[in-house]
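Beneath this line is the structure, given in structure tokens, with notes to follow.
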Amino acid sequence: MSDNLKIGVLVSGRGSNLQVILDQVAQGKIKVEVRIVISNRPDVQALVRAKKAGVPSMALPKKTGESREDYDKRLVDTLKKHDVQLVVLAGYMRLISNYFISQFPDRILNIHPSLLPAFPGLNVHQRVLEAGVRYSGCTVHLVDDGCDTGPIIAQAVVPVLASDTAESLAARILEKEHEILPKAIDLFAQNKVKIEGRRVLIQDH
Ligand code: GRF
């Protein structure tokens, strides 16, 4: 077995960020082992992508009436069973519980399609256009108990054009997501991330 960082990727849909991770792992660009891909929704493209890459994957739908915490207990058990050391939320569309966070302290990464702390939450691109800001972008951050509030690992900026629709802006930002998410994972794989309060220091050993 390799010494590479063991990651679990949580998804909910298309899985284009997952695909970039899978490709870069296959090409040896990032030295991690994808131990498990879990989707809260069955029949999503992300699960097809994992299967094609030969990576273990599963759908873990919420049971009727199940609380967020009980669902997350099943999720955490599954991640731990696969020896996951770093959890990557790659288009995972569920809020996670404090229980989940407590089980992976400073070890849950999320990609969000805005320049946090601006525009947390949902429906980001439409709100960006309505606010009239000139620049938007994306952020990889550690997950804490707030909504898109944890320490920031990496960001990328894109211009907002007068001709933009929510879709065109989302597409321009997605290209940058595909750059910074694998880079951020690689920083963890190389043990270069040091967290000091809200600030993240990138260390060169
Ligand atoms: C991305 O825009 C990500 O920032 C957001 O959900 C989208 C997921 O896209 N959280 P994909 O499933 O990785 O293609």
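Note that ligands are numbered from 1 as they come in the structure, with each ligand's atoms numbered from 1 the same way. Computed from a predicted structure; not experimentally measured. Residues take their numbers from the sequence shown, with the count starting at 1. We use all heavy atoms of the structure for the numbers below, so side chains are in, but hydrogens, waters and symmetry mates are not.
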Does atom CG of Asn123 have more than 12 heavy-atom neighbours from other groups under 6.0 Å away? yes
Lining ligand 1 at under 4.0 Å, by non-hydrogen atom distance, are residues Arg14, Gly15, Ser16, Asn17, Gly91, Ile111, Pro113, Glu177
Show the nearest heavy-atom pair for residues Ala90 and Asn17, with the distance to one decimal. CB-CB, 4.1 Å
Salt-bridge criterion met for Asp164 and Arg172 (N-O under 4.0 Å): yes
May I ask you to check whether over 12 heavy atoms, not counting those of Leu122, lie within 6.0 Å of atom CG? no
So which heavy atom on Asn110 is nearest to which on Val143, and how close? CB-CG2, 3.7 Å
Identified side-chain hydrogen bond (donor to acceptor under 3.5 Å, both in side chains) partner of Glu196 from the options Arg198, Arg199, Lys194: Lys194
